[in-house]
Asks: 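The structure under discussion is supplied below as structure tokens; questions concerning it will follow.
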Amino acid sequence: MTASASIDTTRVDTHCPYCALQCAMSLDNGKVSPREFPTNRGGLCQKGWTSAELLTSPARLTTPLVRRDGELRPATWDEALDLVAAKLAELRRVHGPDSVGVFGGGGLTNEKSYLLGKFARVALGTSQIDYNGRFCMSSAAAAGLKAFGLDRGMPFPVTDLDHADAILLVGSNPAETMPPFVQHLKNAELIVIDPRRTPTAELATLHLQPAPGTDLALALGLLHTAVADGHLDQAYLDERTTGFADAWRVAATWWPERVERVTGVPVADQRAAVRVLAEAANAYVLTGRGTEQHASGADTVSAWINLALALGLPGVKGSGFGCLTGQGNGQGGREHGQKADQLPGYRKITDPADREHVMNVWGVDELPGPGRSAYELLDALGRPGGPKALLVFGSNVVVSAPRSQHVADRLAALDLLVVADLVLSETAAVADVVLPVTQWAEESGTMTNLEGRVLLRQVAVAPPEGVRSDLDVLRGLATRLGQPAERFPTEPEVVFEELRLASEGGAADYSGVTYERLRNGEALHWPVVRESTPRPFLDRFAHPDGLARFVPVEHRGPAEPPDAEYPLQATTGRVLQHYQSGAQTRLVPELNRAEPEAYVEVHPDTATRAGLADGAMAAVVSRRGRTAARVRCVPSMRIDVVFLPFHYAGEGRANLLTNPVLDPTSRMPEFKVCAVRLESL
């Protein structure tokens, strides 16, 4: 069932398998060493240093598993694929193509993301495909599209930040989530907005500590202050934007004292933050998941963009607005077709011209329309009209989805759950069929990092015997479903050549990117027709008139405010040693020793009122469930807020608590705030 891979002794240059910084590294005789590269400049975090341990982990899966008599038992590849294909064909015949769903991941390579979307829409004919990036970047993407006409999280190279005089960092903790990134912030006067006194906030000149769910009110207040204190860049507004008057009509009502009452951020700090940004020669506003994962996340990001536009920052060399992508291929993963409403090249699945272009590349004469977003897809599983089977690639929804016990219950209602993974994740453990697939160093493929730069990860070691790539799995299923083998290539470079054609002319145009150019070390930031576009907005924004849009937005507050029964607000996030659902990092001994169990950060006074001491076990209880966590008393915490990392499984799942209410535009769940209480265990 499990085995170790053999290690190649040849040194191979590659990139880290974890976050979107995609730090450059080399693998030599099973050992990782950092490489000099613009994003990480020879640095790695603890996760990167230990990333090779998974290559020889005894937890690696090397044999397909099929559930028989209630237990997962080894099977041959033919047995597993035949079983899956037969069941899918039967479900499609009886219930139609939308009876099968597909759930992808933001860590899949561009080639896998592309072929997964093609497989869903061509081999299965289903509209029911989405991915876990909907839980990460969808609000930022929606706001960027509205404002700029294009969603490229960071529309400038990371190294531009080295020359910034001031940076406003909202809802992000890169000192833990992507430590090598922090070196790009060291020359700037740093303003951090976060309800917690994070390691990143410790580095800041100014830390603004709003109540969770009030970021939009704070952004409106900072825009008000920018205007009231005379910092509006009127020439920039006249030449490069439209719609300021409508946005100002809302912000005009958010005077600083009102903002302080709602957010808890002192008026003096509001004014200081705006003054630092406005007086800097080069300034940036950067957002992360903390300000985006809300039921009003898209509007909140729009409010931060409005502030940046008012100060004349986006599309100006040396200044700008950007969103810090989280997952390794969080940018590329949402561009090439594994999202419910998209086709390759960031094309719209509802646009007739976009559909025709992709159908011509794929050689088909029909495509399904848009499907359900990620949580809506999971919520529909096993229900009337919902999918009866789900194929999961690169995601661990039992831990990572909001209201996670409910999601586990929906998975249990399926006729068939198939999971492709490299280890027996919590989602794989409840599957009917588990397919062992290759991991980062055992396969080639491209990734698109947080600055829109396309990177090539090359094969460094041979996979364990019995393991296949996701591309092999997709072809194996597609051919069993009646598709010609040549329609589903298994060589990553061949898949990428087709991706180039499918993306040509789209917003995310990769037609000028080739493996040869990447192997030669060219820095290629999309769109690439012939040349790289590291800073796409310098001359004009992507709207037809070339102007950026102010978007009028109003503060609504969290969907679930605290009350007498649930008087505290819980927020979630990452820690240095773990990544996403923890399915991989919890298997690395060094990382697991450092952070072995779920915990909850609490102000000492809050703990005392709940009858809890530092180090005690507590139950954190919301309307959806309860999480068991060890108490950590942290004096810098707000007394009305508790914090839980979301990397742990079982009773320690933070997402047992979280609220699945969705942003109306992005369909992003409200991960970052829900009402809870503390109880002794």
Asks: Here's a test for you: under side-chain contact (heavy atoms from CB on, under 4.5 Å), which of Leu168, Asp215, Leu218 qualifies with Leu208?
Replies: Leu218
Asks: Would you check if the side chain of Glu670 reaches a backbone N or O of Ala295 as a donor-acceptor pair within less than 3.5 Å?
Replies: yes
Asks: Between the side chain of His336 and the main-chain N/O of Ser113, is any donor-acceptor distance below 3.5 Å?
Replies: no
Asks: For a quick check under 3.5 Å, do Asn173 and Asp194 share a side-chain donor-acceptor pair by atom type?
Replies: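 Judged by distance alone, the side chains do not pair up.
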Asks: Please walk me through it: do Trp255 and Glu260 pass side-chain hydrogen bond (donor to acceptor under 3.5 Å, both in side chains)?
Replies: CA-CA 9 Å; Trp255 53 92; Glu260 180 174 348; over 6 Å; no
Asks: Start with the C-alpha distance between Asp130 and Lys339, add both sets of side-chain angles, then the distance that settles side-chain contact (heavy atoms from CB on, under 4.5 Å), and finish with yes or no.
Replies: CA-CA 4 Å; Asp130 211 79; Lys339 197 161 172 256; 3.9 Å; yes
Asks: Parallel under 30°, tilted from 30 to 60°, perpendicular over 60°: which one fits the rings of Phe148 and Phe321?
Replies: tilted
Asks: With no hydrogens and no angle check, is any side-chain donor or acceptor of Glu560 less than 3.5 Å from a backbone partner on Ala675?
Replies: yes
Asks: Could you tell me the separation between the CD atom of Gln331 and the CG atom of Asn110, rounded to the nearest 0.5 Å?
Replies: 9.5 Å
Asks: Taking all non-hydrogen atoms of both residues, which atom of Ala542 and which atom of Phe537 are closest, and how far apart?
Replies: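 For Ala542 and Phe537, the tightest heavy-atom pair comes out as N-CE2, 4.4 Å.
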Asks: For the residue pair Thr350 / Asp341, report whether a side-chain donor-acceptor contact shorter than 3.5 Å exists.
Replies: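 No donor-acceptor contact under 3.5 Å links the two side chains.
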Asks: With distance as the sole criterion, is a donor-acceptor pair present between the side chains of Gln209 and Arg197 under 3.5 Å?
Replies: no
Asks: Just checking, is any N or O donor in the side chain of Gln327 or Asn132 under 3.5 Å from an acceptor N or O on the other one?
Replies: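 Gln327 vs Asn132: donor-acceptor pair found between side chains.
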Asks: Could you tell me whether Arg638 and Asp640 have a side-chain N and a carboxylate O separated by less than 4.0 Å?
Replies: yes
Asks: Does the side chain of Trp526 reach to within under 4.5 Å of the side chain of Arg453, using non-hydrogen atoms?
Replies: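 No, every pair of side-chain atoms sits at 4.5 Å or beyond.
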Asks: Give a yes or no on whether a salt bridge exists between Asp509 and Arg500, defined as a side-chain N under 4.0 angstrom from a carboxylate O.
Replies: no
Asks: Quick one: do Arg549 and Asp545 make a salt bridge, cutoff under 4.0 Å?
Replies: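 Looking at Asp545 together with Arg549, the answer is yes, because their closest N to O distance falls below 4.0 Å.
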Asks: Is the backbone of Thr287 close enough, under 3.5 Å, to the side chain of Thr291 for a donor and an acceptor to pair up by distance?
Replies: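 Pair absent, no side-chain N/O of Thr291 close to backbone of Thr287.
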Asks: Using a strict 4.0 Å threshold on nitrogen-to-oxygen distance, state whether Asp229 and Arg271 make a salt bridge.
Replies: yes
Asks: Are Leu309 and Thr241 close enough, and set up right, to give a side-chain contact (heavy atoms from CB on, under 4.5 Å), and what steps lead you there?
Replies: CA-CA 8 Å; Leu309 289 172; Thr241 75; 4.1 Å; yes
Asks: Taking all non-hydrogen atoms of both residues into account, name the closest pair between Leu538 and Val316 and its distance.
Replies: CD2-C, 3.9 Å
Asks: When you look at CD of Glu531, are more than 12 heavy atoms from neighbouring residues, nucleotides or ligands closer to it than 6.0 Å?
Replies: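 Atom CD in Glu531 is not packed in, count stays at 12 or less.
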Asks: Does Arg289 use its side chain to pair, donor to acceptor, with the backbone of Cys136 at less than 3.5 Å?
Replies: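 Judged by distance alone, yes, a pair lies under 3.5 Å.
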Asks: Keeping Thr514 on the side-chain end and Arg517 on the backbone end, is there a donor-acceptor pair under 3.5 Å?
Replies: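 Yes; at least one donor-acceptor contact below 3.5 Å.
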Asks: So Leu367 and Met359, do their side chains get closer than 4.5 Å, heavy atoms only?
Replies: yes
Asks: So, for Trp362 and Pro344, which heavy atoms are closest and what is the spacing to 0.1 Å?
Replies: CZ2-CG, 3.9 Å
Asks: Heavy atoms, side chains only, cut-off 4.5 Å: are Tyr18 and Met178 in contact?
Replies: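 No, too far: nothing below the 4.5 Å cut-off.
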Asks: Could you walk me through whether Thr200 and Glu176 pass side-chain contact (heavy atoms from CB on, under 4.5 Å), step by step?
Replies: CA-CA 8 Å; Thr200 305; Glu176 289 195 273; over 6 Å; no
Asks: Are any non-hydrogen side-chain atoms of Thr446 and Leu518 less than 4.5 angstrom apart?
Replies: yes
Asks: What residue among Trp304, Trp248, Phe244 forms ring-ring contact (aromatic ring centres under 6.0 Å, His included) with Phe550?
Replies: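 Filter result, single survivor: Phe244.
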Asks: Within this structure, what is the SG-OH distance for the pair Cys16 and Tyr579, rounded to the nearest 0.5 Å?
Replies: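 Nearest 0.5 Å value for the SG-OH distance: 8.5 Å.
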Asks: Could you walk me through whether Tyr114 and Gln338 pass the side-chain hydrogen bond (donor to acceptor under 3.5 Å, both in side chains) check?
Replies: CA-CA 7 Å; Tyr114 171 81; Gln338 64 168 332; over 6 Å; no
Asks: Go through the side-chain N and O atoms of His231 and Arg275 and say whether any donor and acceptor fall under 3.5 Å apart.
Replies: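 Side chains of His231 and Arg275: no pair found under 3.5 Å.
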Asks: When you compare the side chain of Leu206 with that of Val276, does any pair of heavy atoms fall below 4.5 Å?
Replies: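 Side chain of Val276 against side chain of Leu206, heavy atoms only: no contact under 4.5 Å found.
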Asks: Is Glu451 paired with Arg152 through a side-chain N to carboxylate O contact shorter than 4.0 Å?
Replies: no
Asks: Is it the case that the side chain of Arg574 and the backbone of Thr177 share a donor-acceptor pair, with hydrogens and angles ignored and the cut-off at 3.5 Å?
Replies: yes
Asks: Do Phe156 and Tyr284 have side-chain heavy atoms sitting under 4.5 Å apart?
Replies: yes
Asks: Apply the side-chain contact (heavy atoms from CB on, under 4.5 Å) test between Lys146 and each candidate in Thr665, Val553, Ile305; give the one that qualifies.
Replies: Thr665
Asks: Distance alone, cut at 3.5 Å: any donor-acceptor contact between the side chains of Asp162 and His184?
Replies: yes
Asks: Does the side chain of Glu335 come under 3.5 Å of the side chain of Tyr510 through a donor N or O and an acceptor N or O?
Replies: yes
Asks: How long is the gap from CG on Leu232 to CG on Leu311, to the nearest 0.5 Å?
Replies: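 CG of Leu311 is found 8.0 Å from CG of Leu232.
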Asks: Hey, what do you get for CG (Asp269) to CG (Leu222), rounding to the nearest 0.5 Å?
Replies: 10.5 Å
Asks: Measure the spacing between CZ of Phe135 and CE of Met668 and express it to the nearest 0.5 Å.
Replies: 9.5 Å
Asks: Asn40 side chain to Ala24 main-chain N or O, any donor-acceptor pair under 3.5 Å?
Replies: yes
Asks: Taking atom CD of Glu356 as the centre, report whether more than 12 heavy atoms of other residues, nucleotides or ligands fall under 6.0 Å from it.
Replies: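 Open: at most 12 neighbouring heavy atoms sit under 6.0 Å from CD of Glu356.
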Asks: Quick one: does Ile167's side chain get under 4.5 Å of Leu161's, heavy atoms only?
Replies: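 Yes. Closest side-chain heavy atoms under 4.5 Å.
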Asks: Are any non-hydrogen side-chain atoms of Leu455 and Thr448 less than 4.5 angstrom apart?
Replies: no
Asks: Verify the distance criterion only: is there a donor paired with an acceptor across the side chains of Thr658 and Asn655 at less than 3.5 Å?
Replies: yes
Asks: Check the pair Gln342 / Arg347 against side-chain hydrogen bond (donor to acceptor under 3.5 Å, both in side chains), numbers first and verdict last.
Replies: CA-CA 6 Å; Gln342 284 178 5; Arg347 288 185 150 88; over 6 Å; no
Asks: Yes or no on side-chain contact (heavy atoms from CB on, under 4.5 Å) for Thr205 and Ile191, after CA distance, side-chain angles and deciding distance?
Replies: CA-CA 6 Å; Thr205 305; Ile191 307 162; 5.9 Å; no
Asks: Are side-chain N/O atoms of Ser666 and Ser139 paired as donor and acceptor at under 3.5 Å?
Replies: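 Ser666 vs Ser139: donor-acceptor pair found between side chains.
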Asks: For the pair Glu292 (side chain) and Met137 (backbone), establish whether a donor and an acceptor sit closer than 3.5 Å, ignoring hydrogens and angles.
Replies: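 No; zero donor-acceptor contacts below 3.5 Å.
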Asks: Output yes when Lys317 and Asp160 qualify as a salt bridge under the 4.0 Å nitrogen-oxygen rule, no when they do not.
Replies: no
Asks: Checking Gln270 side chain against Pro256 main chain: does a donor-acceptor pair fall under 3.5 Å?
Replies: yes
Asks: Measuring from Leu277:CG to Asp165:CG, what's the distance to the nearest 0.5 Å?
Replies: 11.0 Å
